[in-house]
There are 2 protein chains.
Amino acid sequence: MAKQKQDEGQAPKLTINDIARMAGVSKKTVSRVINRSPLLNRETRDRVETIIRDTGYVPNPQARALALGRNFLIGLVYDNPNVQMILSMQKGILEALHGTEFELVIRPVDRGSNLVMEDIRSFVTRQRLFGVVILPPMSENDALARMLDEEGCRYVRMGSAVLDDPEHMVASNDREAVADAVRHLIAQGHRRIGLIAGPHGFRSAQERREGFELALKEAGISLPRSLVADGQYTFESGLSASESLLDLSPRPTAIFASNDEMAAGVLYAARLRGIAVPEELSIIGFDDTPVTTRVWPPLTTVRWPIVAMGRAAALKLIGTAIGEDAEVNEPSMFSSTLIRRGSVAPPATS
Amino acid sequence: MAKQKQDEGQAPKLTINDIARMAGVSKKTVSRVINRSPLLNRETRDRVETIIRDTGYVPNPQARALALGRNFLIGLVYDNPNVQMILSMQKGILEALHGTEFELVIRPVDRGSNLVMEDIRSFVTRQRLFGVVILPPMSENDALARMLDEEGCRYVRMGSAVLDDPEHMVASNDREAVADAVRHLIAQGHRRIGLIAGPHGFRSAQERREGFELALKEAGISLPRSLVADGQYTFESGLSASESLLDLSPRPTAIFASNDEMAAGVLYAARLRGIAVPEELSIIGFDDTPVTTRVWPPLTTVRWPIVAMGRAAALKLIGTAIGEDAEVNEPSMFSSTLIRRGSVAPPATS
DNA sequence: TTGTAGGCGTTATCAG
DNA sequence: CTGATAACGCCTACAA
């Protein structure tokens, strides 16, 4: 009885008119049902809803988009070196979107280009996006946020610190997380601890560095400039940045790398030099990417709930639309945890 | 002179009517210009095109979608354990889509569910997708291909073997690639070579296994059942699958793992047992994912051109639409290459 | 080669 | 509370 003509090849999809006719009401009434209009007779609504359910009718998104001037698409804007993060974000967002009428459109951009802004503007403007999620470091661009506001496009920024109002922000607390990690190192007895910083212009790099410095200061440990090396969040940069640290004499007994890729680089460099990890060198990374458990020894690292954050970001965006009031109160701040594995040990007592 | 009103907050976007008026022609003529209709007066076309360029007019995709009954969206359908592959595919597809009016909508599905088919159907049907790219192992589902055909949705399948017509297929030659890799092992002197196979139901697993067997047969080497272990393409499965192989006596002197994640698992298992790689055990993986260069020693593996394949898939889909005839002839078969790194050496002469 | 009328499926306006 | 009627912006007939 239900679902007629669904396997006749090109199923002639039913329209709002069909439903209206079947229900004996006007199309506008059907439209009201679809859009949850509050002023509707109880039984009228029920009747229409029953028919919609029985027929399996689904409103045409293209027509809705045209009439509303707004599409049911969420955009994901990023320019990020961390592939694992992108994928995890996608996963979280998609989880939130699942079962709704929203779809995810992904959009890598080039933050170095001077056309990024126009690029993104035309993207949201053309597609009439419902909203966008912006990944770091693009999310740190305030001008971008302003522009989106002007264009009337909702947005949520992901970041390592609170950069915007709660409704526009989902953040992790990198600084405190790193401070915790370094405190762990200190508690093990380390005093000469090296830092491989992330690239300039990344807020996350700054936050992590500040967390690092904070923990040292608390413990009254000074940080000579030579113990800080610059990295680019890549394996190769971690590898080469660690060279200068490992050349030091005395050598640092521990190194905090601002992300796992660079930590893997440190581990690799240590292996090349025959430095035993963790006996002669402790290493801590950040992100808890799969690589941490593939290498030997597995890396101690900081885990942040990327998937949950992606989900929260998407829910902030569509919360009102799907009528789940509870979701509007998605948290804006997520906390990270230290994952202890095999790359940390007390320093050798030499 | 060009681009007026682009920073007045809510820029009142111009429509085809505006252009028509400015050019002194009917909107249909403008429409013809947009859609590259061949029957148009040369100068009329030029005049309209000039105005379009000067004003920065862009046709409204929503309206086009409604009128055409087809959206300018490409869908990416996948249910895949290999995150690196998904991201590389996205990259390739996006490269091809860049600069066109197409956007990429991503859609993970659950191939285990008995609603996959209806899920995908409603996805392409609702969004009126221009076309979809299907990743393995979903791409191996012939019923899916038929369904998409019925729904009038273009598609391109990615796979480890040719499963469809060239216009619908972008494949890598896994079998031959693996045979080459194993020949390399044999050339080094290995005779007891173990295989960690991929999961049942994955064509890639089957192809790689056949390539493995082919190379052994060529060399007249028999393959006792005990030298084959089943894996699931995950690190953990590789780790546990290798246990049975490493317990053997005599132990295999080399192991081919059907992907890098499992190869990393083998390496990890070897380390746990104190087996030196490559001195006592050679390992080859497949995929050339980043992990191969993060571990020690770096893994010899097979590289297949995922990004290029993704690009080709997208171009096959949109080639006709963007009028680049050359692109219609995108290759359907891509070949892989053996990447020699540090995990292979001649067997110890014991 | 170009223009006119009508439709794509939905929502907004404004009466009733 | 509900329903005609007119958008939304573009495209396909068909006519000129």
Side-chain angles (χ1 to χ4, degrees), chain A residues 10-49 51-52 55-73 101 125-130 152 321, chain B residues 10-49 51-52 55-73 101 125-130 152 321:
Chain A
Q10 308 288 353
K13 301 176 191 73
L14 30 174
T15 76
I16 198 171
N17 287 309
D18 300 322
I19 305 300
R21 189 166 2 89
M22 297 168 95
V25 297
S26 76
K27 53 201 271 193
K28 179 59 201 174
T29 299
V30 178
S31 173
R32 287 200 178 88
V33 173
I34 295 171
N35 295 292
R36 296 205 193 82
S37 166
L39 20 74
L40 256 185
N41 194 335
R42 178 73 173 208
E43 40 182 316
T44 309
R45 174 190 304 280
D46 287 346
R47 183 152 40 93
V48 175
E49 278 183 340
I51 295 187
I52 289 182
T55 56
Y57 162 72
V58 178
N60 179 321
Q62 285 73 43
R64 300 235 284 164
L66 180 57
L68 286 169
R70 186 154 38 73
N71 224 325
F72 285 65
L73 299 175
E101 57 198 325
T125 256
R126 254 217 278 285
Q127 298 298 326
R128 298 284 164 77
L129 293 186
F130 186 91
Chain B
Q10 307 288 352
K13 302 177 191 72
L14 29 172
T15 75
I16 197 172
N17 287 307
D18 300 320
I19 304 301
R21 190 168 358 90
M22 299 169 93
V25 298
S26 75
K27 51 200 273 195
K28 179 57 208 176
T29 300
V30 178
S31 172
R32 287 202 176 88
V33 173
I34 296 172
N35 296 291
R36 296 205 194 82
S37 166
L39 20 74
L40 254 186
N41 194 334
R42 179 72 173 210
E43 41 182 316
T44 309
R45 174 190 305 277
D46 287 346
R47 182 151 42 92
V48 175
E49 279 184 340
I51 295 186
I52 289 182
T55 57
Y57 162 73
V58 179
N60 179 322
Q62 285 74 43
R64 300 235 288 162
L66 180 56
L68 286 169
R70 186 153 39 74
N71 224 325
F72 285 64
L73 299 175
E101 57 198 326
T125 255
R126 254 216 278 284
Q127 298 298 327
R128 298 280 163 73
L129 293 186
F130 186 90

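Note that the structure is a prediction, hence the values are computed from the model and not measured.
Using a 4.0 Å heavy-atom distance criterion, B/Leu66 is classed as a base contact. Among the heavy atoms of the strands lying under 4.0 Å from B/Val25 are primed sugar atoms or P, OP1, OP2 only; no base atom is included.
Annotation: cation-pi pair A/Arg70/A/Phe130 absent, no NZ/CZ under 6.0 Å from the ring centroid and within 45° of its normal.
Using a 4.0 Å cut-off, no side-chain N or O of A/Tyr57 falls inside it from OP1 or OP2 of C/dG9. The phosphate of C/dG9 (OP1 or OP2) has no side-chain N or O of A/Arg64 nearer than 4.0 angstrom. Distances shown here put a side-chain N or O of B/Thr29 below 4.0 Å from the OP1 or OP2 atom of C/dG3.
The base of C/dT11 does not come close enough to the side chain of A/Lys28 for any donor and acceptor atom to sit less than 3.5 Å apart.
The nucleotide whose nearest atom lies closest to any side-chain atom of A/Arg32 is, among C/dT10, D/dC11, C/dT13, C/dT13. Listed nucleotides C/dT2, D/dC11, C/dT10 differ in distance to B/Ser31; the shortest reach to its side chain belongs to D/dC11. When each of C/dG7, C/dG9, C/dT11 is scored by its nearest atom to the side-chain atoms of A/Thr15, the top-ranked nucleotide is C/dG9. For A/Ala63, the side-chain atoms get nearest to C/dG9 when compared with the rest of D/dT2, C/dG3, C/dG9. The listed nucleotides are C/dG3, D/dC11, C/dT1; the one nearest the side chain of B/Thr44 is C/dT1.
At whole-Å resolution of the value, CZ in B/Arg70 and C1' in D/dC10 are 14 Å apart. Atom CZ of A/Arg21 and atom P of C/dG9 are 12 Å apart (whole Å). Residue A/Arg128 contributes atom CZ, which lies 14 Å from atom C1' of C/dT11 at whole-angstrom precision. Here D/dT2 presents its P atom at 15 Å from CG of A/Asn35, a figure rounded to the nearest Å. One can place CD of A/Gln62 at 13 Å from P of C/dT11, the figure rounded to the nearest angstrom. Nucleotide D/dG9 holds its P atom 16 Å from the CZ atom of A/Arg126, rounded to whole Å. With rounding to whole Å, A/Asn71 atom CG is found 17 Å from C/dG9 atom P. In this structure, the CG atom of A/Leu68 is 13 Å from the C1' atom of D/dA7, given to the nearest Å.
When all heavy atoms are compared, the tightest approach of B/Arg128 to A/Gln62 is CG-OE1, 3.5 Å. Considering all non-hydrogen atoms of both residues, B/Thr15 and B/Tyr57 come closest at C-CE1, 3.7 Å.
A salt bridge is defined here as a Lys NZ or Arg NE, NH1 or NH2 lying under 4.0 Å from an Asp or Glu carboxylate O, and B/Arg64 with B/Glu101 meets this definition.
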N/O donor to acceptor pairs below 3.5 angstrom from side-chain atoms of residues 21-33 of chain A, sequence neighbours left out:
residue: A/Arg21; atom: NH2; partner: A/Asp18; partner atom: OD1; Å: 2.8
residue: A/Ser26; atom: OG; partner: A/Lys28; partner atom: N; Å: 3.3
residue: A/Ser26; atom: OG; partner: A/Thr29; partner atom: N; Å: 3.3
residue: A/Ser26; atom: OG; partner: A/Thr29; partner atom: OG1; Å: 3.3
residue: A/Ser31; atom: OG; partner: A/Asn35; partner atom: ND2; Å: 3.4

